[in-house]
Each structure stands twice: as structure tokens, then as C-alpha cells.
Colleague: 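I'd like to ask some things about the structure below.
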Amino acid sequence: MALAAPTGKAAARLKQSIDGSLKALQGQAGEGASAALDLDALIQRIGPARTLHALLGARPDTRQFRHHAANPLDVDVLIVDEASMVHLEMMDALLQALPPTARLVLLGDKDQLASVEAGAVLGDVCRGAAQGAYLPDTLRYAQAVAGQRLPDAFHARAGQAMSALAQQTVMLRQSRRFDGPIGQLAMAVNAGDAEAAWACLRAAPGPAQPLRALQPETAQAVCALALGASGQASYTDYLQCLREGPAGSGEMDGQEEGPKDGQADDQKGGQKDHQNEGEAAHAAWVRRVLRAFDRFRILCAVHQGEWGTSALNAAVQKALADAGWLQPQGEWFAGRPVMVTRNDAQLGVFNGDVGVVLPNLLGVLKVWFLDGEHLRSVSVSRLAHADTAFVMTVHKSQGSEFAHTALVLPPGAAEVLSRELVYTGITRAREQFTLIEGQAGLLNAAMTRPSVRASGLGLWWAQLA
């Protein structure tokens, strides 16, 4: 059994979610069933989740992989998360590398932004998922396995296309990330219903409410959000944790004289315990900082211009520095958030990984990353390909979620906006979502532009059906 995802962050989240669910299931199953299932052994046997490139064995200077039809993967079951990000060529390579007897499970949101490269595989495969169109055999299987009778609306009807693919497609209809106003806004945008979307945004004004819409004259409004307001998650959350430092991590007290006879071993043991306590306190502090940073994120549609990632990252950094939260000194400084822009297997970092620059116990700056509970760090001198990450594109945010998400729609760029881009931005938010329109009408314009990918896959499925 293997777990994989397009990005390192998505892979880590998948592993964390699967392990947590299996442990919860073990607690619910009772002692007898738990022993029979041996879920702990299953967790160990699954191993770590990997990126698709790592799973297939990417090789430098070529788009070919080590695993292919003549050298298939040694798996019985493969689970791939964030499948909407998998482009046509990668999906083809993955299917070629699977043994004929293997079972493939694709997880993802068909309504999110499609892959940057060619194709919209998950969207094409799941185009009719909302209708269900389940045959009697499928309905009986669901009843036997899950004890659930599917509603009549999802039963196959006379004259309806009844493909074999539809019988293998399950559409989850209850969000476990958010509900209420954020979910209602996401559904309205996905349906292209501008009136319903604005009704959601105007229903509960105020900084502490789950939804807000701003139409500022300048991009400085983004900096104000970064600095925070009452009841809103912001970047001051993680910077406050950074300022507090590790609890009880002071340097060891120096000794003016050497230990007396018989005290050396006790002192060495005490120093070791003190060092272990310091390391544990430092690790706990790093986790607090990283989790607090992930409570808020600013998302953009473009890189360039006053409302793009490059200019906004510089503006937010300056605003935080002017407010006394940061002390930028050169390229690398404590508190700088960074996103990795190129895979580097030797360092264990991958394109899209997000970390924060923090000192280690010796005061040496490192970039720290958090995968579930696991911390890893890379020296700043070795991380050659990374950008500041106060602000990131919506594409790069896929696979992530934040307590408060701010989506910036730039003026004069309606042609780059789409329904899927706005929907993806909204669905990154758990508790609060702020829409920032650089000019009036951008949200409406985006909702009238659903993405269309001419991959040919949808036509092929229709012919098979």
C-alpha cells in the first residue's frame, strides 16, 4: 500500500490524515476487533507518503521515470491525494507504472483549479459525479458495505448514460473543512450565481465575521490585513510566538569552578537532561510558530504588478518591519516565511514546501518545515531556490488550508481570473475568508469564466460510455 500526492505538503497532509483516521478507528473498534485488524502494523507497513515524482523515480535531465510498464511499482493499492493537480502526462506515466492488478484511489476536488500543465484529468473523469447514476449492483454493494441506502436521486434512470466509470466514482457531499457561510459562498461561486455569492458576503459584515468583502483603492489594504484586526487571524499571530521564544530555553549556567570529587557524573547527567529539555522546548516553540503562521495566508492571482505576489510580499514585509514585528537584515532573517521553488531530494525539500526562518539552539538560522508532528530543517546557506511567502498564488496554495484566507483579485486582470480560481481560494479557508477586489466587478467577471480544458479525455470517456 502506498500514499502519494503532487506536492510534498499535500503528501505530508495525506499521511497525517490517514494515520490519524486509522488510530481513531482502532480506538472505536474495541479490543478484540482492534487486535484482529492490527491497524498499528498497517500504519507501519504503509510507510511515508511521497510526491508522485519521488514515487515514480524522477531522473535528472529527462521527463522519463525509473518506474514504467516494464519496471512497474511494487504496490497493491495506491492512494493519490490532490488529484486535481495531476496533469495528463503525469497521470499517463502513473497508470503505465501500475501493475495490472493494482487498485488506484484518486482523491481530490474536481471543481478546483486544474493542473498548471496540460489536461484536467480529475475534472474529466468526475464530470458526471453529481448525478451518481448508480446501477442496482452498485447500490446493493453500498448497502452491504456501508449499511447505507443511497437516495433515489443518485439511482440510474432510463435514458441516462450508465458508464462503468460512474460506478467507481464517489462524490463526498459534506465538507469537513468548513460549513456555514464559507461553504455557502463556495457553492454559489461554483454554480456561477453572483447574486447568491454577494448575498453571502453582505450577510454578516464586520472584521470578526466569517466573510468580508473589501474594494480598497490601493494594495495597502492587504498590509492592514497582514497586521491583523480584532477577531481575525493574521501574521502577528506567528510573530508573537516568535517574539516569546522557547519556554525555558536559556543557556546553561556557567560553572566558575570544576566539579568536586564524586560530582562529575551527576553534573554530566544534569547537563544532558538540561540539554534535552532545551531541545524539546525549542522544538515545541518551532511547532508553535509554524502552526501560527499557517493560520493566515494571502492569495493572489498573478505574480507581477502592484497587486501581484512580488510587490505584495515586499509591501507586507515592510509593513511588519515598520510595526516592529520583523527586523529584516539581508536576505535571511528570523521570521521570514519562504516557499521552496525547486525540488531538491538531497535536502528533502520539494517545490511548494513552505517554512519559516528561525534560529536553532546555537542561534544559527535555518528554514524549518513541519510535516504533521515531524520537524525538519535546512540551513539557509543551502536553500538556493526559495521565495518569500507572505503572499502566494492560488495555484501554490492547493493542498493547504488556513484559518483565515485573504484572496486578492487584481484590477485590470479579469482575463486571468476564473470561477475555479476563486472557488479554490475560498475553499482554503476554515474559519474566515476575506475577498479583496482591486476594482468593482472582478468577482462577477471571474464567475462568468469557467475554465475549459481541451484535453480530449472527456470526449474519449463519452465514446466509451
Side-chain angles (χ1 to χ4, degrees), residues 1-19 22 41-108 113-122 124-125 339-355 367 369-372 374-379 382-386 395-396 398-400 455 457:
M1 199 168 174
L3 307 176
T7 68
K9 188 173 186 66
R13 287 182 60 81
L14 173 62
K15 174 63 174 174
Q16 181 184 9
S17 178
I18 293 288
D19 287 359
L22 288 175
L42 176 59
I43 291 172
Q44 295 298 320
R45 194 161 63 247
I46 292 174
R50 290 176 284 176
T51 65
L52 289 172
H53 282 85
L55 176 75
L56 294 175
R59 298 182 293 176
D61 304 322
T62 177
R63 294 177 75 91
Q64 303 300 312
F65 296 101
R66 183 163 53 87
H67 289 288
H68 44 72
N71 181 32
L73 294 163
D74 182 19
V75 296
D76 299 309
V77 179
L78 173 63
I79 300 175
V80 179
D81 198 10
E82 296 294 339
S84 63
M85 300 169 65
V86 183
H87 57 84
L88 201 60
E89 183 183 13
M90 175 61 79
M91 187 65 75
D92 176 61
L94 181 65
L95 294 172
Q96 293 283 353
L98 282 177
T101 56
R103 178 174 294 181
L104 174 65
V105 180
L106 300 176
L107 305 172
L113 278 168
S115 58
V116 175
E117 298 189 49
V121 179
L122 189 69
D124 285 337
V125 169
M339 172 181 285
V340 177
T341 58
R342 185 176 298 182
N343 294 339
D344 191 329
Q346 289 186 334
L347 293 180
V349 297
F350 299 93
N351 186 14
D353 286 356
V354 175
V367 183
F369 303 90
L370 183 62
D371 297 329
H374 176 66
L375 279 176
R376 53 193 171 94
S377 64
V378 177
S379 172
R382 300 188 65 191
L383 196 60
H385 304 285
H395 273 97
K396 289 289 189 179
Q398 288 179 269
S400 302
S455 67
L457 187 59

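Only heavy atoms go into these numbers, but all of them, side chains included; no hydrogens, no water, no symmetry mates.
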Colleague: Can you name the one residue among Met85, Arg63, His53 that meets side-chain contact (heavy atoms from CB on, under 4.5 Å) with Met90?
Modeller: His53

Colleague: List for me each residue that meets side-chain contact (heavy atoms from CB on, under 4.5 Å) alongside Ser17, sequence neighbours excluded, and say none if there are none.
Modeller: Ser21

Colleague: Donor-acceptor pairs under 3.5 angstrom involving side-chain atoms of residues 72-81: please list them, not counting sequence neighbours.
Modeller:
none

Colleague: Calculate, to the nearest 0.5 Å, the distance between atoms CG and NE2 belonging to Asn351 and His385 respectively.
Modeller: 11.0 Å

Colleague: Carefully, step by step, assess Arg376 and Asp353 under the rule side chain to side chain contact (heavy atoms under 4.5 Å, CB included).
Modeller: CA-CA 11 Å; Arg376 53 193 171 94; Asp353 286 356; 3.0 Å; yes

Colleague: Rounded to the nearest 0.5 Å, how far apart are NE2 of His67 and CG of Leu55?
Modeller: 7.0 Å

Colleague: Between Ile46 and Lys15, is any pair of side-chain heavy atoms under 4.5 Å apart?
Modeller: yes

Colleague: Grab the two heavy atoms, one from Val354 and one from Phe369, that are nearest each other, plus how far apart they are.
Modeller: O-CD2, 3.5 Å

Colleague: From Leu106 CG over to Leu94 CG, what is the distance, rounded to the nearest 0.5 angstrom?
Modeller: 7.5 Å

Colleague: For Asp92, which residues count as a side-chain contact (heavy atoms from CB on, under 4.5 Å) partner, sequence neighbours excluded?
Modeller: Gln96

Colleague: Looking at side-chain heavy atoms only, is the closest gap between Val86 and Leu52 below 4.5 Å?
Modeller: yes

Colleague: For the CG atom of Asp344 and the CG atom of Leu383, what is their distance to the nearest 0.5 Å?
Modeller: 8.0 Å

Colleague: Apply side-chain contact (heavy atoms from CB on, under 4.5 Å) to Ala54 and list each qualifying residue two or more places apart in sequence or on a separate chain.
Modeller: Arg50, Thr51

Colleague: Distance check, rounded to the nearest 0.5 Å: Ser377 atom OG versus Leu370 atom CG?
Modeller: 12.0 Å

Colleague: Can you measure from CZ (Arg103) to CG (Leu98) and round to the nearest 0.5 angstrom?
Modeller: 13.0 Å

Colleague: Of all residues at least two apart in sequence or in a different chain, which pass the salt bridge (charged side-chain N to carboxylate O under 4.0 Å, His left out) check with Arg382?
Modeller: none

